[in-house]
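These notes concern the structure reproduced below.
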Number of protein chains: 2
Amino acid sequence: MEPARRLSPMLERMWGREPAPRRGPRPRIDLATITAAAIEIADADGLAGVSMGSVASRVGVAATALYRYVGSKEDLLTSMADAVVPAPPEPGGRPWRDYLAQWTKAQRDIVLEHDWLLSISRFAPPLGPRRLLWLDRALAALDGTGLDDGEKINVASSLTGYALTDAALVHNAGSGFGEFDETDIGGVSDYGDLLAEVLDPETYPALSAAVRAGALGGVEGWVDDEDFRFGLGLLLDGVERLIARRASEGRTR
Amino acid sequence: MEPARRLSPMLERMWGREPAPRRGPRPRIDLATITAAAIEIADADGLAGVSMGSVASRVGVAATALYRYVGSKEDLLTSMADAVVPAPPEPGGRPWRDYLAQWTKAQRDIVLEHDWLLSISRFAPPLGPRRLLWLDRALAALDGTGLDDGEKINVASSLTGYALTDAALVHNAGSGFGEFDETDIGGVSDYGDLLAEVLDPETYPALSAAVRAGALGGVEGWVDDEDFRFGLGLLLDGVERLIARRASEGRTR
DNA sequence: CTGAAACTATGAACGTCATACACAGTAAGG
DNA sequence: CCTTACTGTGTATGACGTTCATAGTTTCAG
C-alpha cells in the first residue's frame, strides 16, 4: 500500500537515498565531495570561479564526470546552497525571542561568510536536509506561543528573508557598491556624496534633505550590526504583538 | 569652487548626464532603447533569453554595437533593474502606515510581474533615478513621525527587502519550486507530500509534526496575498512601536 | 570459470556567449 | 576640403555548459 513515490534524482542524492550501485567500478567521487569542492572554490574565488571544469579538476576528475552526480550546474548550485549551512543553534530552553534573534543573526552571518549565496538564493522553499533543520528549530522555538503552524512558518520565512536582505546590504555596502568602478570614483568618495551629486532637490525633496543632513555620510556606518538589530527588532516586536493578540483571543473565547 | 566630480560612465548615462556628441554620425540607438528592448525580452523569454546578441538584434544593430552604450552585460542588467520600476504611488496625505503598506505591496507586485528581477537584485544601494524616487517617497511618508533619517532609511530598506523576499517566495511556490523536474514528480504532488516523504521525525520533530498536521497542504495556499499582509503587518507593527517609543521619549525629555 | 550486465570516468566535439579589436563609414568644424 | 570625432560592423577568441560514443572496471548469473 506504500505508494512508490519518486523524488528527483538530485533530491535523492541530497538525502543520501540513492541505492548503492551493485555493479561496476566503485565511484571515485560523490555528490558531497563535489559540492564541498565547489564551495571551497566559491569561498576563495567567488561564484565566478565555479565552473564545471574548475570543480572537476579540484576533485581530480574530468569535467564531464560530474554529470553523473549532478544533472546540471544549477543542481550543483542548489546542493551548495544547502551544504554550506551548518547546524542551527541549540535552543536550550530559552524564550522564543532570544532564540529566534540568535537564529536569524546566525543565518545572516552564514551569508556574509559565503557571499556567493547572495547570487544563488532563489528563495525556493527549502528542500535540503540542512536548511530544513533550521526551519524545524524555528518552529520548535515557537511552540507554546499559541501561533498555528502556518503562522510559525510565516514568521520563520520573514526572519530568513530579513537575514538575507540585511546580509546583502552589508555586503554591497562594504564592497564599493558594485555600481561604479574604483578607477572611476574620482572625487566621489561615498554614497552620500554620490547622491548629492546626482539628486535634484525638486524631484527628490525628502531624500536630498536627508543627504544634505548627512544621514548617509559613510556607507560603512550606514549599515552595520546595530542596524541589523534594528530591523530585527521591528520584526520581533511584530511577532510579539501577534502572540499577545492570539493569547488574549484564546482567553476571551 | 565646484569640484568636478566624475561618476561612472554608466551612471552618467542612466541620469542622462552625458554631453551630446558634437561630431560623427547621429547615434541610432540609446541606452534607454537598449534597456527597453532587453526588458521586453526578459519579460517574454526570461533572463536566459537576454544575451547581447538577442538584445542587439531586437534593436537592429550588431551585438558589439551595444558596447558603446554599456560597459558590460552587468551594466545592462543594472540599467534594466532601474528602468523597469514605474513611478511610486502618490502619497496623497495618507497616514504613513497606509502609504508604506501600498508602497511595499507595489514593489512586490513589480517583482512578480518581472520575475527576472529576482535573479538580478544584488540589493546594491539604489543609484538609479527611478529606484531613488521610491526611496524618496518612503522618507517623505515618514516625515513627522519623529524618526531620524537613518531610521527612516532602515525602515524603507527593511520593507523593500521584505517585498523582494516575499515575491521570491510566491514566485518559486507557483513554478514547481524549481527543485525537481515535472517529469520526475511522479506521485509527489506538492511541498507537503514531498517533505513527508523525506523527513525523519526524530531529527525534524517540530517540522514533521507540522507537516503531518497538514500545515503545508498545498504550496499555492502556503504563500499568497494573505501571507504577504501577515509579514508586512509584523514589520509595520514594529515600526509603529518604534514611533510610539520615540514619541514618548520626546515628551519626557 | 566465463561472459554478460551494470556502472564509471574519459575525450572529443558542439553551440552559445561575452567581449576585444581593427576598420569602414559619417557628420561637423576649421 | 580635410581633419577630427564619433558610430556601427565583422571577425576572432577564449571560456563555458553540455552531449555522446567509448573504453575500462566490477559484480552477478550460469
Side-chain angles (χ1 to χ4, degrees), chain A residues 8-10 12-13 17-35 37-38 41-42 45-80 116 119-120 178 181 183, chain B residues 8-10 12-13 17-35 37-38 41-42 45-80 116 119-120 178 181 183:
Chain A
S8 81
M10 191 57 195
E12 302 220 318
R13 270 189 288 261
R17 293 261 178 122
E18 48 178 6
R22 314 205 60 78
R23 307 244 179 127
R26 299 213 184 97
R28 297 221 303 267
I29 49 180
D30 189 336
L31 176 60
T33 341
I34 296 174
T35 306
I41 296 180
D45 308 339
L47 204 58
V50 178
S51 70
M52 297 307 261
S54 65
V55 173
S57 83
R58 177 172 254 262
V59 182
V61 297
T64 58
L66 301 186
Y67 285 90
R68 203 155 292 275
Y69 303 88
V70 163
S72 66
K73 189 181 182 180
E74 262 292 311
D75 276 1
L76 175 57
L77 296 179
T78 303
S79 173
M80 291 171 67
W116 44 270
S119 313
I120 292 189
D181 302 315
T183 50
Chain B
S8 83
M10 192 55 197
E12 302 220 318
R13 268 189 289 260
R17 294 261 177 122
E18 46 175 7
R22 316 204 61 77
R23 310 247 177 124
R26 298 211 185 99
R28 297 220 303 265
I29 49 180
D30 188 337
L31 176 59
T33 341
I34 297 174
T35 306
I41 296 180
D45 307 340
L47 204 58
V50 177
S51 70
M52 298 306 262
S54 66
V55 174
S57 82
R58 177 172 255 262
V59 182
V61 297
T64 58
L66 301 186
Y67 284 92
R68 205 157 289 275
Y69 303 88
V70 163
S72 66
K73 189 181 181 180
E74 262 291 311
D75 276 1
L76 175 58
L77 295 179
T78 303
S79 172
M80 290 170 68
W116 45 269
S119 313
I120 292 189
D181 302 313
T183 50

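Keep in mind that what you see is a predicted model, and the values were worked out from it rather than measured. The figures here come from the full heavy-atom set of this structure, side chains too, leaving out hydrogens, waters and symmetry mates. All chains are named by letter (A, B, ...) in the order of the sequence lines, taking the proteins before the strands, and each is independently numbered beginning at 1.
- Per the geometry, CG belonging to D75(B) stands 13 Å off C1' belonging to dA18(C), to the nearest Å.
- The OG atom of S119(B) sits 5.5 Å away from the CG atom of L47(B) when rounded to the nearest 0.5 Å.
- Within the structure, no pair that satisfies the side chain to side chain donor-acceptor pair (under 3.5 Å) test touches residues 60-72 of chain B, not counting sequence neighbours.
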Please enumerate all protein N or O atoms sitting under 3.5 Å from an N or O of nucleotides 28-30 of chain C, with distances to 0.1 Å.
{"unit_1": "dA28(C)", "atom_1": "OP1", "unit_2": "R26(B)", "atom_2": "NH2", "d": "3.3"}

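- Inter-residue side-chain proximity for R58(B) and I41(B) is flagged as met; some heavy-atom pair is nearer than 4.5 Å.
- Between I41(B) atom CD1 and dC17(C) atom C1' the separation is 14 Å, expressed in whole Å.
- Closest heavy-atom contact between V50(A) and A38(A): CG2-O, 3.7 Å.
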One pair to check against side-chain contact (heavy atoms from CB on, under 4.5 Å): S79(B) and V70(B). What are the steps and the verdict?
CA-CA 9 Å; S79(B) 172; V70(B) 163; over 6 Å; no
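- A pairwise comparison of heavy atoms in G49(A) and S54(A) identifies O-OG, 2.8 Å as the closest pair.
- Of the options V59(B), V61(B), T33(B), a side-chain contact (heavy atoms from CB on, under 4.5 Å) to R28(B) is made by V61(B) and by none of the others.
- Summary of the strand contacts: R28(B) and S72(A) both lie near DNA chain D, and taking for each the nucleotide with the nearest heavy atom, the more 5' one is attributed to R28(B).
- The stretch residues 52-71 of chain B touches DNA chain D through V61(B), A62(B), T64(B), A65(B), R68(B), Y69(B), each having a heavy atom under 4.0 angstrom from the strand.
- Between the C1' atom of dC16(D) and the CG atom of L76(A) lies a distance of 14 Å, rounded to the nearest Å.
- To the nearest 0.5 Å, the span separating CE on M80(B) from CD1 on I120(B) amounts to 5.0 Å.
- Taking only side-chain atoms of P25(A), from C-beta outward, the nucleotide of dG24(D), dA9(C), dT26(C) with the closest atom is dG24(D).
- Computed from coordinates, the K73(B) NZ to dA20(C) P distance equals 15 Å when rounded to whole Å.
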